[in-house]
Amino acid sequence: MMHVDRKAVISKDRAERIAKGHACEHCGEYSYKKLTVKPSTPSQRKELKEAWHAAKVCGVCGLEQEMGIDAEGEVLYVN
Ligand SMILES: [Zn+2]
């Protein structure tokens, strides 16, 4: 789809869309009352190859989830 060139990292906007497009692990809804996307810390970047770190609070069940997104927009983990 896109050509991966050295350290091309997806934009924050795109990372936010990916985070929003991932359903709540608990109730399967896509409604978030809070969603923040921040650049990963150097250790997250090094250990997890994470480019963006998202924190979300489900608008339906209130579950708090953290999500790692890599430079190409792949979801690395949700917890
Ligand atoms: Zn939920």
Side-chain angles (χ1 to χ4, degrees):
M1 186 173 83
M2 58 188 264
H3 118 241
V4 180
D5 169 17
R6 288 175 306 159
K7 292 261 156 100
V9 173
I10 60 164
S11 68
K12 183 176 181 182
D13 264 17
R14 191 145 168 245
E16 281 174 358
R17 279 199 297 274
I18 289 163
K20 278 184 201 153
H22 190 93
C24 172
E25 297 276 300
H26 180 248
C27 67
E29 295 291 337
Y30 292 87
S31 160
Y32 293 103
K33 65 180 171 196
K34 196 170 162 223
L35 174 74
T36 53
V37 173
K38 291 187 292 194
S40 58
T41 63
S43 70
Q44 289 167 336
R45 209 167 300 146
K46 200 169 159 201
E47 288 162 29
L48 304 164
K49 297 194 165 46
E50 183 175 342
W52 296 100
H53 189 86
K56 318 187 288 184
V57 180
C58 179
V60 177
C61 72
L63 182 71
E64 294 180 23
Q65 294 169 92
E66 300 217 0
M67 201 164 148
I69 300 169
D70 78 4
E72 292 161 44
E74 291 292 320
V75 176
L76 298 168
Y77 64 86
V78 183
N79 55 31

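Order of listing sets the numbers, starting from 1, for every ligand and every atom in it.
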For this session: Sequence neighbours left out, what pairs pass side-chain hydrogen bond (donor to acceptor under 3.5 Å, both in side chains) with at least one residue falling in residues 28-38?
Result: Tyr32-Lys56

For this session: Report yes if the side chains of Glu50 and Tyr77 come closer than 4.5 Å at any heavy-atom pair, otherwise no.
Result: yes

Problem set entry | Heavy-atom side-chain contact between Thr41 and His53 under 4.5 Å |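 No - every pair of side-chain heavy atoms lies 4.5 Å or more apart.
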
For this session: With side chain to side chain contact (heavy atoms under 4.5 Å, CB included) as the test, would you mind laying out the steps for Ile10 and Ile69 before giving the verdict?
Result: CA-CA 9 Å; Ile10 60 164; Ile69 300 169; 4.0 Å; yes

For this session: Could you work out the complete set of other residues in the hydrophobic cluster of Leu63, with links drawn between I, L, V, M, F, W and Y side chains under 4.5 Å apart?
Result: none

Exercise. For Leu35, what are the other residues in its hydrophobic cluster, where any two members join if their side-chain heavy atoms are less than 4.5 angstrom apart?
Worked result: none

Exercise. From the Zn ion (ligand 1), how many protein N/O/S atoms are found at a distance short of 2.8 Å?
Worked result: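 Of the protein's nitrogen, oxygen and sulfur atoms, 4 lie under 2.8 Å from the Zn ion (ligand 1).
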
